[in-house]
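Data first, discussion second: the structure below is written as structure tokens.
Reckoned from all heavy atoms, side chains included, excluding hydrogens, waters and symmetry mates. The sequence lines fix the lettering, A, B, ..., with proteins before strands; numbering per chain opens at 1. Predicted model only: the values in this text are computed from it and were never measured.
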Amino acid sequence: MHEKHLTYFKVENFKRFDSFEMNDIGQFNLIVGDNNVGKTSVLEALLFDKETMNFTHRLLTVLFEFRKVANNTQNPIKLFLGSKPENPKFFISYHNKETEEIVLGKIVLRTASGENERIAEETYNTETAKEKIPYVPFHLGYDQDLITYYSKAIQKSRQVKKDFIFALKALVPTIENVEISLDSDTPILLISQTDKDEILPLSLSGEGTIKLIRILMKILVNQGKRLMIDEVDAGVHYKKFKDFWRTVLLAAKENDVQLFMTTHNIECLQYFKEVLEETEMIDLQKEARCFEMVELPNGSVKSYTRGYEEFANAIDLGNNIRGGKL
Amino acid sequence: MKKMTIFVENTTDMDFLRKLVKIIYNHDLSDQRGVGGFILMSGAGNEKSQNKAYFEKSTDSGCVNLVFEDADYKNNSTYGFEKQKERLEKLAEELNFDFFLFPNHQDDGNLEIILENCLSKRASEIVACLNVYHECLEKKGLGHKNPKTYHNRWNMIESALLDIKKPEKRDFSDEQIWFIKENPYLAPLINFLDQYFTSEPSLK
């Protein structure tokens with residue numbers, strides 16, 4: 001695993017969590033649990049960046065752009081860094097439909113190199129472009145950001161483009177080329193397939209194909225970093241899960257990307273296990289983890305870590321690993 | 001009654017314990033596979049390596065953890081009662097559970113020994129017939145065609161007494177075959193369960 005990848009993560013006073021930690025993190029991490037247990041909030045906390053403004057911009061972009069928390073000047077959303085003292089180290093106010101206060105407390109991360117990272121007090125280097133945010137929301141289909149990814153990360157290198165199209169064959173075996181069209185006012189992505197004469201807009205492709213394209217592009221632009229994917233299974237047909245997993249995991253391995261992915265789907269978990277049993281994938285087993293998030297009787301949320309063997313055993317025996325109240 | 005998670009080796013253990021608790025305490029144990037129900041462990045020796053997260057989650061959720069495993073027979077690959085007891089006593093402190101070793105928390109053996117001792121009088125008579133049948137097959141060098149295993153024998157008893165070839169699920173409450181209620185052989189197991197279950201009134 002890349003030495004910058006996380007092996008431990010703890011967040012305090014973040015959204016619904018007083019304190020939440022994840023131990024023994026691997027490179028390929030599934031996060032499962034009941035509705036409203038806070039899986040997506042964990043992904044949001046993992047947007048953490050030592051540069052405070054990067055983190056707040058990432059977080060706010062996810063909340064406003066992806067999760068559609070509406071603006072309302074009467075009821076601001078508030079972000080603090082530190083433990084919400086009278087004079088917080090950092091404070092930002094945004095506008096929200098309903099009164100909601102987000103308090104960012106202490107965040108401690110431990111990387112594979114053993115280095116501890118803490119929030120810096122300085123604020124600089126704003127990173128506003130949403131295509132730079134290492135996050136794949138579950139509902140986002142075709143959007144203009146894909147053009148940016150494609151032009152910046154893929155089409156500049158023949159080899160990268162070749163690898164990208166090869167990877168897409170997992171879901172679209174007949175795909176031949178992807179290109180940008182400038183024929184209309186707004187550039188669009190087109191795909192050509194060996195079995196079709198017309199070259200069609202990518203936006204007409206199925207949700208699963210667009211999802212895979214988005215994930216692959218995000219992996220390519222986040223080399224050596226971490227990527228958070230909400231509801232990784234959304235839009236993928238169960239018969240394509242194996243091909244989907246093989247493609248995503250190999251691309252992440254090749255590009256040293258650490259993945260954090262939420263899901264509710266048992267078939268998605270089963271195929272994750274089965275793909276990792278394949279001869280060429282066995283090496284990846286040691287980096288696979290499943291985190292089961294559970295709300296305890298006292299209202300706190302705890303995660304239980306399963307390595308590949310424990311996870312695979314539970315799946316094979318039909319024991320529940322997807323959380324839920326008793 | 002406290003919430004509990006019951007860790008067993010396989011589905012036969014689970015089915016037997018559910019019926020036993022229903023017959024003795026009139027209590028319906030959930031057949032859900034998870035904390036608050038049953039966890040299948042796929043054999044002894046997997047408590048920590050494969051199931052640590054379940055023990056932790058169950059304890060954190062306020063459940064009592066009960067482990068039921070075969071004592072087995074001492075040989076190269078299995079433990080026998082004394083070794084199993086010693087091994088689980090050490091683990092019980094770390095993973096927070098109480099345990100009972102089949103058949104009676106005293107001798108080497110397994111769940112099959114309990115079930116053999118829970119056959120009804122009528123079923124035992126069939127066993128006598130089957131013993132003659134198996135002896136005869138072996139003399140003719142055909143023993144391997146229908147091996148003398150417990151599960152084979154119970155299938156044949158069910159086939160003879162219930163007029164079914166092979167039930168989808170063994171019904172331990174069927175008194176034509178099984179003798180559970182007031183069976184003295186089950187006393188050690190029931191003494192153990194008494195610590196965690198109380199009889200619930202019947203709705204008759």
Side-chain angles (χ1 to χ4, degrees), chain A residues 8 17-26 29-35 37-39 264 266-267 269-270 273 276-277 285-286 288-326, chain B residues 1-15 17-18 27-70 91 94-97 111 168-169 196:
Chain A
Y8 172 80
F17 306 124
D18 290 335
S19 178
F20 176 81
E21 64 183 333
M22 292 164 78
N23 287 293
D24 187 26
I25 299 172
N29 305 286
L30 289 168
I31 300 172
V32 294
D34 204 354
N35 290 327
V37 78
K39 297 185 296 297
H264 289 108
I266 189 68
E267 285 170 331
L269 298 172
Q270 278 164 344
K273 179 200 86 100
L276 288 171
E277 285 166 349
Q285 287 181 5
K286 61 181 183 298
R289 302 286 186 280
C290 182
F291 294 89
E292 180 184 2
M293 290 178 65
V294 179
E295 182 178 337
L296 298 178
N298 64 7
S300 67
V301 177
K302 187 170 174 180
S303 83
Y304 298 90
T305 313
R306 289 185 175 85
Y308 175 78
E309 206 183 325
E310 197 173 350
F311 162 77
N313 190 52
I315 293 274
D316 287 342
L317 293 169
N319 294 330
N320 176 32
I321 56 166
R322 290 184 292 165
K325 286 185 180 171
L326 297 190
Chain B
M1 202 178 301
K2 281 198 82 170
K3 289 183 290 184
M4 59 184 75
T5 306
I6 300 177
F7 294 78
V8 293
E9 293 190 49
N10 53 48
T11 51
T12 308
D13 295 1
M14 179 176 86
D15 294 342
L17 286 168
R18 287 189 74 224
H27 178 76
D28 291 306
L29 281 174
S30 162
D31 62 352
Q32 251 192 355
R33 306 272 183 84
V35 165
F38 282 87
I39 299 288
L40 304 189
M41 295 193 294
S42 182
N46 293 329
E47 301 85 2
K48 190 173 170 184
S49 64
Q50 307 285 330
N51 297 287
K52 191 179 173 203
Y54 287 117
F55 281 103
E56 286 177 1
K57 179 182 164 187
S58 178
T59 303
D60 291 341
S61 303
C63 292
V64 168
N65 300 322
L66 300 181
V67 171
F68 294 88
E69 289 183 16
D70 291 339
L91 265 182
E94 187 184 342
L95 299 178
N96 189 27
F97 63 80
L111 179 71
E168 282 183 17
K169 212 173 185 182
Y196 302 100

Exercise. Starting at CD of A:Glu310, measure out to NZ of B:Lys48 and round the result to the nearest 0.5 Å.
Key: 11.5 Å
Quiz item: Does a sphere of radius 6.0 Å around NZ in B:Lys52 hold more than 12 heavy atoms from other residues, nucleotides or ligands, not counting ones at 6.0 Å or beyond?
Solution: no
Quiz item: Among B:Gly34, B:Gly37, B:Ser42, which residue forms the greatest number of heavy-atom pairs with chain A at distances under 4.5 Å?
Solution: B:Ser42
Quiz prompt | From A:Asn319 atom CG to B:Phe7 atom CZ, the distance as rounded to the nearest 0.5 Å | solution = 9.0 Å
Quiz item: Non-hydrogen atoms of chain A under 4.5 Å away: do they reach the side chain of B:Ser49, the backbone, both or neither?
Solution: backbone
Quiz prompt | Main-chain N/O of A:Asn320 paired with B:Tyr54 side-chain donor or acceptor, under 3.5 Å | solution = yes
Quiz item: Side chain, backbone, both or neither: which part of A:Glu295 has an atom under 4.5 Å from a heavy atom of chain B?
Solution: neither
Quiz item: How close do B:Ser61 and A:Pro297 get, heavy atom to heavy atom, and via which atoms?
Solution: O-CG, 3.8 Å
Practice problem: Look at the side chain of B:Glu56 and the backbone N and O of A:Tyr304, then say whether any donor-acceptor pair between them is shorter than 3.5 Å. | Solution: no
Exercise. Look at atom CD of B:Gln32 and say whether more than 12 heavy atoms of other residues, nucleotides or ligands are closer to it than 6.0 Å.
Key: no
Quiz item: By a 4.5 Å heavy-atom criterion (distance strictly below it), what part of A:Thr305 contacts chain B: side chain, backbone, both, or neither?
Solution: backbone
Exercise. Rounded to the nearest 0.5 Å, what's the gap from CG on B:Asp60 to CG on A:Leu296? Could you check?
Key: 5.5 Å
Exercise. Return yes when atom CD of A:Glu309 has more than 12 non-hydrogen atoms of other residues, nucleotides or ligands closer than 6.0 Å, and no otherwise.
Key: no
Practice problem: Would you give the length of the straight line joining atom CG of A:Leu317 to atom CG of B:Asn46, rounded to the nearest 0.5 angstrom? | Solution: 8.5 Å
